[in-house]
There are 2 protein chains.
Amino acid sequence: MTLIQLRYLVAIADASLNITLASQHVHATQPGLSKQLKKLEEELGFQLFVRRGKSLASITHAGQQVMRRARKMLDEAANIRSIAANLRNEDQGELRIATTHTQARFALPEAISALNLQYPLVRVHLQPGGDRDVLAQLESGWADLAVISRAGAPPPLGVALPAYRWNRVILVPHQHPLTSRSHALSLADLAGQPLVSYESSLKPESSLRRAFETEGLSPQIVMTASDADLIKIYVRAGLGVGVLAEMAILPSDADLHSLDADHLLPQCTTWIVLRRETILREYVLDFIHKFAPHLARQDITRALTEPSPRYWPPVPHWRERNLADISASA
Amino acid sequence: MTLIQLRYLVAIADASLNITLASQHVHATQPGLSKQLKKLEEELGFQLFVRRGKSLASITHAGQQVMRRARKMLDEAANIRSIAANLRNEDQGELRIATTHTQARFALPEAISALNLQYPLVRVHLQPGGDRDVLAQLESGWADLAVISRAGAPPPLGVALPAYRWNRVILVPHQHPLTSRSHALSLADLAGQPLVSYESSLKPESSLRRAFETEGLSPQIVMTASDADLIKIYVRAGLGVGVLAEMAILPSDADLHSLDADHLLPQCTTWIVLRRETILREYVLDFIHKFAPHLARQDITRALTEPSPRYWPPVPHWRERNLADISASA
DNA sequence: CGCGTTTACGTCGTTCGTAACGATA
DNA sequence: TATCGTTACGAACGACGTAAACGCG
């Protein structure tokens, strides 16, 4: 058994059992992978894959077991290499972030450009997706960190560090009836309106639906999008009332009217999620600190090794956070 | 980085930094280890060991980190090999048990000889020690399983399976004053006597001391031994009153008088402790089932993967257990 | 007939063991 | 001087890549 064999093994699995494709991913030739796989199976004494003719049809049950162990081993090998790279003060590498569209578009850019300024040789990969995809990509090992938002408890996976809190806003065109109400905005007002919001608000566990349900109301969601920019476009088109994250409101949206929803919908927290027991490169720690300045580097490293949940310094709100960012960089 | 290099690395650490000794343990030559270590350090770019002259003086801080990861990787490699060996129905291998003297001497022999009958090619290694040593040997990876007794909660480490419950007995010579009491034996009676018991009873957290303390008494322990046989010898010599595990009473001890202490001292449970997330060889599962017949094989494998504590079938008492053993083998 | 896998083969790199050397206590 | 680690060298093994053959859709 060799680390190379295991690397080839998971590469084949990750290439959906296409050895040729896998060989390109690991920068080797296809016969090399075939042969190493054969040797590994010979050494272990059983088939890792089910063959149909000459091609691989599926992974054996025992193969699945081996695959899990092999992944762990390769992860640990990567950790060892990270320890080494950190000690050598290597300033190049990759940073793979799995996150939602909103974070990628409105929250992450400053931190990423600050990182790029400090570490020009680090290549950043952003992988947008739904909450499920994001966590899956973290677990699979593709992503170094995930950035994800929740109204309630932190995501159950890995180590979750709170980055900032935020609220939602109601977005309407100027001169929309909702802008001229004499009393404060209520959920009942919104229940009568066609709503345009994120895809996630269709899920039964969405905090939007729940907020309405606890008042005995039900929202009329006429359109959803994964993308705040799309929501704005349809609000401009008069399709309905937008419900979106306050981070998504830009100066260029002055043609629209945004109303506070702090008292209507529960506050959300954006979390940075990491795999437990993983060695992070120095620039990843720096990035996290840039993105969530209230987290000291030692807070992060401690959280990664400690099994018990920690008590965090107070988590800033999005509105305070921007100020803090500016003052910190000044 | 190679698995062989990592294997050499931990071998050197386990041989207390003596490369020559380590080379014998891994069945290789000493220059081979030296060279591989050098290559590994070159690849990682930093020293894993602190050198004094040509010899290794200590492990670098970073080296410790690498060592931990390397051990994990080698453990996983061993797990993969175990999966393979199980699938091939290999009937040879090793079973390393870390346990206390009492278990090794009085509880384990039947199960071990039954195992040897079924798997003549499996070599069993018993490593007696104190509770701390036993758990350390399990964690270090030397032992496949630990067998250990506790009066209260299960050991905090790994996965603990309850094997059986047992009580202590008071052992005195015939015609000792305690044998002719009209009323039931009490702790107060024992407090007036010189006691001979296990070494562990000297520890402040020992259940013996605690039992006395809750009644405001304090035991006079005149002698301790790690070994039940030694305790018996000194009871015979009239040094004092023995307090020991009921398993230690053999038919050949008919020259002594043993008194129930069920109502005086709390019941103990003997636990089988395993490392979590470890693949066990088939014969290890068989052994556990032989030693704790109330545990089905699936109970064991489930407990190894499940993170949550499980509810066990009723745990037999030592006295019932022997009967069950006999009836099962009949 | 294209795609993917296997087999065959030659070259290269690497590892291993033996043996000699060096340093240290 | 005995013990332990490093260096040197030759032999053998193993891995890799190129090229060709085989199956399958």
Side-chain angles (χ1 to χ4, degrees), chain A residues 1-60 63 66-67 70 73-74 77 80-81 84, chain B residues 1-60 63 66-67 70 73-74 77 80-81 84:
Chain A
M1 189 182 339
T2 309
L3 280 179
I4 294 179
Q5 289 172 347
L6 299 179
R7 179 153 157 257
Y8 288 177
L9 179 67
V10 309
I12 292 173
D14 288 345
S16 51
L17 278 50
N18 181 329
I19 300 185
T20 305
L21 187 60
S23 70
Q24 293 160 4
H25 291 154
V26 297
H27 304 293
T29 61
Q30 181 271 325
L33 270 75
S34 282
K35 190 178 268 184
Q36 292 302 320
L37 173 60
K38 193 175 195 176
K39 287 191 65 173
L40 181 59
E41 286 184 325
E42 272 174 15
E43 177 182 343
L44 295 181
F46 64 92
Q47 302 271 105
L48 293 163
F49 296 98
V50 179
R51 317 299 222 267
R52 188 166 45 208
K54 290 198 166 184
S55 359
L56 310 181
S58 62
I59 308 180
T60 307
V66 173
M67 207 70 72
M73 291 177 67
L74 295 173
I80 290 177
R81 277 185 263 268
Chain B
M1 188 182 338
T2 309
L3 280 179
I4 294 179
Q5 290 172 348
L6 299 179
R7 179 154 157 258
Y8 289 176
L9 179 68
V10 310
I12 292 172
D14 288 346
S16 51
L17 278 50
N18 181 330
I19 300 186
T20 305
L21 187 60
S23 70
Q24 293 161 4
H25 291 154
V26 298
H27 304 292
T29 61
Q30 180 272 324
L33 271 74
S34 282
K35 191 177 269 185
Q36 291 303 320
L37 173 60
K38 194 175 195 176
K39 288 192 66 173
L40 181 58
E41 286 184 326
E42 272 173 15
E43 177 181 344
L44 295 181
F46 63 93
Q47 302 270 104
L48 293 163
F49 296 98
V50 180
R51 319 288 161 114
R52 188 166 45 209
K54 290 197 168 186
S55 347
L56 310 182
S58 63
I59 308 180
T60 307
V66 173
M67 207 70 73
M73 291 176 67
L74 294 173
I80 290 177
R81 277 186 264 267

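Side chains are part of it too, since the values below use all heavy atoms of this structure and drop only hydrogens, waters and symmetry mates. Letters A, B, ... are given to chains in the order of the sequence lines, protein chains preceding strands, and every chain is numbered from 1.
In this structure, CD1 of B:Ile4 is placed 10 Å from P of D:dA15, rounded to the nearest angstrom. With rounding to whole Å, A:Leu33 atom CG is found 14 Å from C:dG4 atom P. With rounding to whole Å, B:Leu3 atom CG is found 13 Å from D:dA15 atom P. Distance A:Lys35 NZ to C:dC9 C1': 9 Å, rounded to the nearest Å. A:Leu40 has its CG atom 16 Å from the C1' atom of D:dG14, to the nearest Å. To the nearest angstrom, P of C:dG17 lies 12 Å from NE2 of B:His27. Nucleotide C:dT18 holds its C1' atom 12 Å from the CD atom of B:Gln30, rounded to whole Å.
At a threshold of 4.0 angstrom between heavy atoms, the contacts of A:Arg52 with the nucleic acid are absent.
Here B:Leu21 pairs with B:Ala15, B:Asn18, B:Gln24, B:His25 under the side chain to side chain contact (heavy atoms under 4.5 Å, CB included) rule; sequence neighbours left out.
Of the candidates D:dT6, C:dT15, D:dC16, C:dT15 carries the atom nearest the B:Gln36 side chain, counting heavy atoms from C-beta on.
Checking the phosphate oxygens (OP1, OP2) of D:dG5, a side-chain nitrogen or oxygen of B:Thr20 falls inside 4.0 Å. Close to C:dC16, at under 4.0 Å from its OP1 or OP2, lies a side-chain N or O of B:Tyr8.
For A:Arg51, the CZ atom counts as densely surrounded, since its 6.0 Å shell holds more than 12 non-hydrogen atoms of other residues, nucleotides or ligands.
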